[in-house]
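All remarks here apply to the structure that follows.
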Amino acid sequence: MRKFVRRSMVWGAVSALGLAAVPIAAAAQESTRWRAVDASTGQIADVDGLAQLAADFPDSGSVRLRLLNALLEAGDLEGAWRELTWLLDRGHRFGPGGQAQLQDLFAGPYAAELIRRFAVPVTPVMASEVVGEVPAEAHLLEGLSVVRATGNQYLTSVVSRELWVRHDGGWLNTGLHAGGNPSGIAFDRRHGVWVAVGDLGMLPAGIPSFGGLVLLGPSQPDVPSQVSFPAPTGVNLSDLALGTASVVYASDPLAGGIYRLPSTASAITPLVAPGTLRSPQGLAESADGHLLYASDYRYGLAMIDLASGTVSRLPADVPMLLDGIDGLWLHEGELIAIQNGTSPMRIVALRLSADGRRIVGRRVLEQDHPDWTEPLGGSIANGMLYYIANGQWDRFAPGGTLVEGALPEPTLIRTVPLDGPPQVESP
């Protein structure tokens with residue numbers, strides 16, 4: 001989905017050079033505790049504060065970019081070089097403008113090495129194929145769920161507030177009377193289709209908003225029955241995941257909470273309070289049903305103990321970036337993640353340890369595909385990840401109107417196989 005917490009880096013002027021590098025002391029003794037984060041955490045700009053934040057979230061490229069910028073502004077070229085190489089070692093790539101700025105800033109003894117590092121090209125990985133094309137009048141599609149048994153595809157349209165269904169080879173616009181922007185979607189073979197609804201900034205003025213979950217009955221796909229479950233006041237749900245015990249989990253990327261609706265309950269209740277995560281996105285339950293994995297778009301991957309609600313950081317044994325993850329699914333011992341908030345964008349398979357509490361390896365399934373705009377929501381079926389390949393958030397302004405000069409395009413659905421070599425891949 002459109003990320004409401006965007007990363008940015010402003011290159012400030014360097015006032016003086018030669019200050020000592022700032023050590024990240026806590027990194028030597030890694031802790032998996034989750035530091036509570038909110039909007040104020042994103043305002044931290046001093047070097048010491050950002051160094052501590054980097055120690056608390058050692059797999060976040062977003063935090064390291066902020067620290068790099070702060071060190072440059074402080075004139076600590078040595079410390080900034082350390083952070084820059086940290087990012088490059090983990091596969092982060094700067095655009096032409098950023099490269100030019102960095103080459104100006106790192107003249108002298110660093111120049112030759114920086115030129116060498118920038119000369120290494122990003123290698124696109126293209127392993128998917130197009131399996132569907134949704135008409136342009138569907139506008140901004142966000143969520144996708146595929147029914148394993150039939151191959152039918154269900155997609156949510158954020159702007160037009162519709163549900164599109166691929167059925168018998170064609171596309172049906174079923175309409176969705178939910179009073180908000182639908183986004184996350186999940187097919188439940190026992191109950192029907194769950195849709196997350198909230199005010200994601202794409203409602204026309206004067207439209208009353210609804211935040212919560214909508215259940216569409218499993219009758220006829222073009223004439224669904226509909227039951228609504230309101231979320232707590234002010235909560236706007238987005239990504240969804242189904243648990244093994246027919247529990248629906250949903251994240252609020254605006255306020256930072258995670259919520260659940262058990263099959264035996266009639267009300268949505270908080271699992272993780274707002275202010276713990278900054279912008280939770282994709283969710284996936286662990287194989288044993290004891291944990292819920294959650295991607296925080298800015299800070300990395302978290303794991304929530306479903307019995308206690310305790311939040312911990314999911315650490316990685318192999319150096320990698322774990323922020324910028326949108327969609328998240330569990331498949332045969334791997335977390336399948338769409339990283340549309342990294343540069344380059346990629347889809348990865350993160351191998352979990354036997355107890356599911358560490359990442360022990362990574363495979364890149366796709367990367368920097370030339371036909372992507374922004375890969376978005378998806379669904380796993382029959383050993384394949386189905387995903388939206390050309391997200392169109394950049395074509396729409398707040399309120400759901402088209403950006404001047406922009407037109408919606410057909411939305412492409414791609415599939416990428418999830419099988420692959422078992423070896424551990426280092427970034």
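Because the structure is predicted, anything quoted here is derived from the model rather than measured. For the single chain, residues carry numbers from 1 onward in sequence order.
Arg93 and Asp368 are not joined by a salt bridge, as no carboxylate oxygen comes within less than 4.0 angstrom of a charged side-chain nitrogen. Looking at Arg313 and Asp59, a side-chain N of the basic residue comes within less than 4.0 Å of a carboxylate O on the acidic one, giving a salt bridge.
A donor-acceptor pair shorter than 3.5 Å cannot be found between the side chains of Gln153 and Trp164. Between the side chains of Arg190 and Ser246, at least one donor N or O sits under 3.5 Å from an acceptor N or O.
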* **Evaluation steps, side-chain contact (heavy atoms from CB on, under 4.5 Å), between Val248 and Leu215** => CA-CA 11 Å; Val248 183; Leu215 175 62; over 6 Å; no
* Please test Asp48 against Gln52 for side chain to side chain donor-acceptor pair (under 3.5 Å), starting from the C-alpha separation and ending with a verdict. => CA-CA 6 Å; Asp48 289 342; Gln52 183 59 56; over 6 Å; no
* Verify side-chain contact (heavy atoms from CB on, under 4.5 Å) between Leu200 and Ser183, making sure each step is shown before the conclusion. => CA-CA 9 Å; Leu200 303 182; Ser183 52; 3.9 Å; yes
* side-chain contact (heavy atoms from CB on, under 4.5 Å) between Leu306 and Val247: does it pass, once the steps are laid out? -> CA-CA 11 Å; Leu306 290 173; Val247 181; over 6 Å; no
* **Asp371 vs Leu412, side-chain contact (heavy atoms from CB on, under 4.5 Å): CA-CA, chis, key distance, verdict** => CA-CA 10 Å; Asp371 294 337; Leu412 300 180; 5.8 Å; no
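Judged purely by atom type and a 3.5 angstrom limit, Asn340 has no side-chain atom pairing as donor or acceptor with the backbone of Glu374. Between the side chain of Gln99 and the main chain of Phe94, a donor-acceptor pair closer than 3.5 Å is present. In this structure, Thr411 contributes its side chain and Val134 its backbone to no donor-acceptor pair below 3.5 Å. At distances below 3.5 Å, not a single donor-acceptor pair connects side-chain atoms of Ser209 with backbone N or O atoms of Asp199. Side-chain N or O atoms of Asp252 include one that pairs as donor or acceptor with a backbone N or O of Asn236 at under 3.5 Å. Panel note: side chain Arg298, backbone Ser60; no donor-acceptor pair is recorded below 3.5 Å. For Glu142 (side chain) and Gly377 (main-chain N/O), no donor-acceptor pair under 3.5 Å exists by modelled atom type. The closest donor-acceptor contact from the side chain of Gln339 to the backbone of Val348 lies at 3.5 Å or more, if one exists at all. Between the side chain of Thr174 and the backbone N or O of Leu163 there is at least one donor-acceptor pair closer than 3.5 Å. Looking at Glu133, its side chain never comes within 3.5 Å of a backbone N or O of Pro410 through a donor-acceptor pair.
When all heavy atoms are compared, the tightest approach of Leu376 to Leu141 is CD1-O, 3.7 Å. The shortest heavy-atom contact between Gln392 and Leu140 is C-CD1, 3.6 Å. Of all non-hydrogen atoms in Ile336 and His331, the two that sit nearest each other are CG1-CB, 4.0 Å. Of all heavy-atom pairs between Pro280 and Ile258, the closest is CB-CG1, 4.2 Å. Residues Leu291 and Asp288 approach most closely at N-OD1, 4.1 Å, considering heavy atoms. Minimum interatomic distance between Pro315 and Met303 (heavy atoms only, all atoms of both residues): CD-CE, 4.3 Å.
Annotation: the span from Asp38 atom CG to Ser279 atom OG amounts to 12.5 Å, rounded to 0.5 Å. Note: Leu314 CG to Ile304 CD1 = 10.5 Å, rounded to the nearest 0.5 Å. Distance check, rounded to the nearest 0.5 Å: NE2 of His139 to CZ of Arg161 gives 11.5 Å. The structure places CG of Asp323 at 9.0 Å from CG of Asp296, a figure rounded to the nearest 0.5 Å. From Leu65, atom CG reaches atom CG of Leu50 across 11.0 Å, with rounding to the nearest 0.5 Å. Rounding to the nearest 0.5 Å gives a distance of 11.5 Å between CD of Glu73 and CG of Asp46.
Between Leu203 and Phe210, every side-chain heavy-atom pair lies at or beyond the 4.5 Å cut-off. Two residues are said to be in side-chain contact when any heavy atoms from C-beta on lie closer than 4.5 Å; Asp305 and Ser312 fail this criterion. Contact of the Leu261 side chain with the Trp194 side chain is registered, since non-hydrogen atoms from C-beta on lie closer than 4.5 Å. The shortest side-chain heavy-atom distance between Leu240 and Leu213 falls under the 4.5 Å cut-off. The side-chain heavy atoms of Arg414 and Val130, taken from C-beta on, include a pair separated by under 4.5 Å. The side-chain heavy atoms of Ile359 and Met320, taken from C-beta on, include a pair separated by under 4.5 Å. In this structure, the side chains of Trp171 and Glu137 stay at 4.5 Å or more apart for every pair of heavy atoms. For the pair Leu155/Ile413, a side-chain contact is recorded, criterion being any heavy-atom separation below 4.5 Å from C-beta on.
Around atom CZ of Arg117, more than 12 heavy atoms belonging to other residues, nucleotides or ligands sit under 6.0 Å away.
Counting only residues at least two apart or in different chains, ring pair (Phe, Tyr, Trp, His ring centres under 6.0 Å) contacts with residues 42-65 comprise Trp34-Phe57, Phe57-Tyr299. Applying the ring pair (Phe, Tyr, Trp, His ring centres under 6.0 Å) definition to pairs two or more places apart or across chains, none involves residues 230-270.
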Name every donor-acceptor pair, under 3.5 Å, that has one atom in a side chain of residues 379-389 and the other anywhere in the protein, sequence neighbours excluded.
{"from": "Ser379", "atom 1": "OG", "to": "Val146", "atom 2": "N", "distance (Å)": "3.1"}
{"from": "Tyr387", "atom 1": "OH", "to": "Ser128", "atom 2": "OG", "distance (Å)": "3.4"}
{"from": "Tyr387", "atom 1": "OH", "to": "Glu366", "atom 2": "OE1", "distance (Å)": "2.4"}
{"from": "Tyr387", "atom 1": "OH", "to": "Trp372", "atom 2": "NE1", "distance (Å)": "3.0"}

